[in-house]
> 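Submitted below is the structure of interest, expressed as structure tokens.
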Amino acid sequence: MSDQIKFIMDSLNKEPFRKNYNLITFDSLEPMQLLQVLSDVLAEIDPKQLVDVREEMPEQTAKRMLSLLGILKYKPSGNATDMSTFRQGLVIGSKPVIYPVLHWLLQRTNELKKRAYLARFLIKLEVPSEFLQDETVADTNKQYEELMEAFKTLHKEYEQLKISGFSTAEIRKDISAMEEEKDQLIKRVEHLKKRVETAQNHQWMLKIARQLRVEKEREEYLAQQKQEQKNQLFHAVQRLQRVQNQLKSMRQAAADAKPESLMKRLEEEIKFNLYMVTEKFPKELENKKKELHFLQKVVSEPAMGHSDLLELESKINEINTEINQLIEKKMMRNEPIEGKLSLYRQQASIISRKKEAKAEELQEAKEKLASLEREASVKRNQSREFDGTEVLKGDEFKRYVNKLRSKSTVFKKKHQIIAELKAEFGLLQRTEELLKQRHENIQQQLQTMEEKKGISGYSYTQEELERVSALKSEVDEMKGRTLDDMSEMVKKLYSLVSEKKSALASVIKELRQLRQKYQELTQECDEKKSQYDSCAAGLESNRSKLEQEVRRLREECLQEESRYHYTNCMIKNLEVQLRRATDEMKAYISSDQQEKRKAIREQYTKNTAEQENLGKKLREKQKVIRESHGPNMKQAKMWRDLEQLMECKKQCFLKQQSQTSIGQVIQEGGEDRLIL
């Protein structure tokens, strides 16, 4: 039952319905809404059924749906009593009645559309025999039947043309074109033979041409072999790179990993490989074998025509209808054990599908990882060819990034210092220019004063003498200073070496202690890291188990909730039926005649008696009509003859009035006599 509801819900969520139901919303639909869904599905099959059930009486809705289901040849399981319950369930919108109808309709929508279309033209209208005795009605009915037969033949021809995917005219045209091409080739070969025979040494030339053709074929064969060997070499190089990458990764894993993590990884790989070998690959192999066996069977069978294909299609449709009927019968039993087993089966199938999907995802991820590793190796080789350096990875890349960051900070600081120095240099340059201008002004004033006093050039010579004496004193000071500096530098170097030795002795001792402590801390860090990894792996496995358990409990909760809603709706329907039954029993048992008259049984018995009396009267009337039919027809014929006679008399009288009187008309005893 759950598979049936799931199929109905999935079909209603697709085109052209697009209802967007889930299990809870679909199960909580009210009877009126469920009838509207059924009416929408019937409207998709036959557009005349597009009706809002709220604007229609329940009896009319049931009659409309039953008539269309009868046309579509839907057969509910059970006997006559079950048929009455089926009609009643269709009126009240019962789920056990409507679910199988929806499942049956949604399974074969296209087939039922075709059947509903044909029913408009092929359902024969029954005309009573009394009306068929009229010649006009009989001719119209005969013409109607002939048109129906013509429609049948035309529809069959249309279906056959639609199934057949080829045309005999096209085949004949292709054959004639191929025969013409063959004749042209034969004529061309004969013409070339005649041209060759006239030349000298044509046999030798033919032999050389034959050898040339053989050598060309051999050249093509060798080129093909060369290409195949190139491909094999390329694949071998790729395989070698892949194996080298695997070896490198395994060495890294062996260098970094612990025995516990290796064992755990190996166990996971063994489980995955066991699943692939024992479950996935055998299923795929079995499916491929079945497909191969089916294809071999199809190939071994002789070619079939359109009649054979139509016969096979009809057999397949019959078998499908039988299977659907058996499934519907099985679902109508509503066995609780089967329902529980179907839930477990559904859960098992969902888990197996998820398992297969995860295995496929893992396989795709492994293939993607291998392809990415191959691309990385290719890129690494290319970079090595370009600049001859290895591509950094892992911790080396992190250290390189940290080094770049430290250098960038130093670069920023130096850049800031350079900017400050540039600003100060600009300021000093401007000060120097101002001082030079001032010095030039003072020099000009001094020169004018010397020219006035008659001692021009005195200041220049004085400056030169002072500059020379200053240079001499500086040279003397430098000579003495260099000797003093050298002696002081030697003393300082000796003192610095002794100080550094004394200072480094304590530092070396501390460094030894720190190295020993560093080794102890790294060992402790490795132990803690391995403990953390194992603890994290255990917690991760526990978390995945808990997530699976939570997911399973949520699914069970949803299933139980849907089952609760379904049970609640069934209880409400049964309560309504029980209330109606108790009211009927009270009215039937009651001594009050007025209450008894309100009972449905009394109303139905009264209606039945009235209909029986009416039928009896109608049968008596029909009997009287049949008995008086012959005399009435004779009487009608006599009246028509009398009408013709009176018309003849009228014509004669009119002629007599228009012509001259030939004789005398005498009336005696109600008769007219003409006396000439």
Side-chain angles (χ1 to χ4, degrees), residues 15-16 45-47 72-73 107-124 142-199 202-203 205-207 209-221 223-224 227 287-322:
E15 293 286 343
I45 294 168
D46 187 5
L72 299 177
K73 296 181 181 179
Q107 271 186 333
R108 45 183 71 81
T109 307
N110 294 325
E111 179 186 350
L112 296 176
K113 280 183 181 179
K114 181 179 175 182
R115 192 176 293 175
Y117 167 73
L118 294 175
R120 288 193 294 169
F121 305 102
L122 297 181
I123 292 178
K124 190 175 179 182
K142 187 176 180 181
Q143 187 179 1
Y144 167 69
E145 291 176 353
E146 290 174 355
L147 289 172
M148 189 180 290
E149 293 296 327
F151 175 78
K152 286 181 183 178
T153 55
L154 287 172
H155 185 72
K156 286 180 181 177
E157 291 176 0
Y158 167 72
E159 290 293 330
Q160 289 177 359
L161 289 172
K162 192 165 70 172
I163 292 169
S164 64
F166 59 89
S167 173
T168 55
E170 292 179 358
I171 294 171
R172 288 175 182 171
K173 189 176 179 181
D174 292 337
I175 291 169
S176 62
M178 291 169 70
E179 287 177 352
E180 289 177 1
E181 191 175 353
K182 181 182 176 184
D183 295 336
Q184 290 176 2
L185 289 172
I186 291 169
K187 289 178 182 178
R188 191 175 177 184
V189 169
E190 290 177 355
H191 181 65
L192 291 171
K193 280 183 179 179
K194 289 178 182 179
R195 286 181 62 185
V196 170
E197 287 174 358
T198 57
H202 66 276
Q203 294 292 336
M205 291 172 69
L206 288 173
K207 185 178 179 181
R210 194 178 296 111
Q211 289 178 359
L212 178 62
R213 181 175 54 80
V214 171
E215 291 298 327
K216 282 186 177 180
E217 289 178 355
R218 187 181 176 190
E219 184 182 0
E220 290 178 357
Y221 177 70
Q224 187 177 1
Q227 187 64 33
N287 293 328
K288 295 292 182 184
K289 284 182 178 179
K290 287 180 181 178
E291 188 175 356
L292 179 62
H293 179 68
F294 176 72
L295 292 173
Q296 288 176 352
K297 188 176 179 182
V298 170
V299 170
S300 62
E301 288 181 355
M304 292 187 293
H306 294 293
S307 59
D308 298 331
L309 289 172
L310 291 172
E311 186 177 355
L312 285 174
E313 285 182 357
S314 63
K315 286 182 181 179
I316 289 167
N317 291 327
E318 289 176 359
I319 291 168
N320 285 330
T321 52
E322 290 179 1

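Values below: all heavy atoms of this structure, side chains included; hydrogens, waters and symmetry mates excluded. The chain is numbered in sequence order, starting from 1.
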> What's the spacing between Glu318 CD and Ile316 CD1 if we round to 0.5 Å?
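Those atoms lie 10.5 Å apart.
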> Would you indicate whether Glu181, at its atom CD, is surrounded by more than 12 heavy atoms from other residues, nucleotides or ligands within a distance under 6.0 Å?
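No, the 6.0 Å shell around CD holds no more than 12 heavy atoms from other groups.
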> Could you walk me through whether Glu111 and Arg115 pass the side chain to side chain contact (heavy atoms under 4.5 Å, CB included) test, one step at a time?
CA-CA 6 Å; Glu111 179 186 350; Arg115 192 176 293 175; 3.1 Å; yes
> Tell me, yes or no, whether the heavy-atom count around Gln143 atom CD, taken from other residues, nucleotides or ligands under 6.0 Å, exceeds 12.
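Incorrect, the count does not exceed 12.
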> Distance from Ile186 atom CD1 to Glu190 atom CD, nearest 0.5 Å?
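It comes to 7.0 Å.
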> How far does CD1 of Ile45 sit from CG of Asn110, to the nearest 0.5 angstrom?
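With rounding to 0.5 Å, CD1 (Ile45) is 9.5 Å from CG (Asn110).
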> Salt-bridged, Lys216 to Glu220, with N to O below 4.0 Å?
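Salt bridge flag = no for Glu220 with Lys216.
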> Taking atom CD of Glu145 and atom CG of Leu147, what is their separation to the nearest 0.5 Å?
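Taking CD in Glu145 and CG in Leu147, the distance rounds to 10.5 Å.
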> Decide salt bridge (Lys or Arg N to Asp or Glu O under 4.0 Å) for Lys152 and Glu149; before the verdict, give the C-alpha distance in whole Å, the side-chain angles of both, and the deciding distance to 0.1 Å.
CA-CA 5 Å; Lys152 286 181 183 178; Glu149 293 296 327; 3.7 Å; yes
> Taking the side chain as every heavy atom from C-beta outward, state whether Gln224 and Gln227 have any pair of such atoms under 4.5 Å apart.
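Of all side-chain heavy-atom pairs linking Gln227 with Gln224, none is under 4.5 Å.
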> Find the distance between NZ (Lys288) and CG (Leu295) and round it off to the nearest 0.5 Å.
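Separation between the atoms: 10.5 Å.
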> Measuring from atom CD of Gln211 to atom CZ of Arg213, what distance do you get when rounded to the nearest 0.5 angstrom?
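Gln211 atom CD to Arg213 atom CZ measures 11.0 Å (nearest 0.5 Å).
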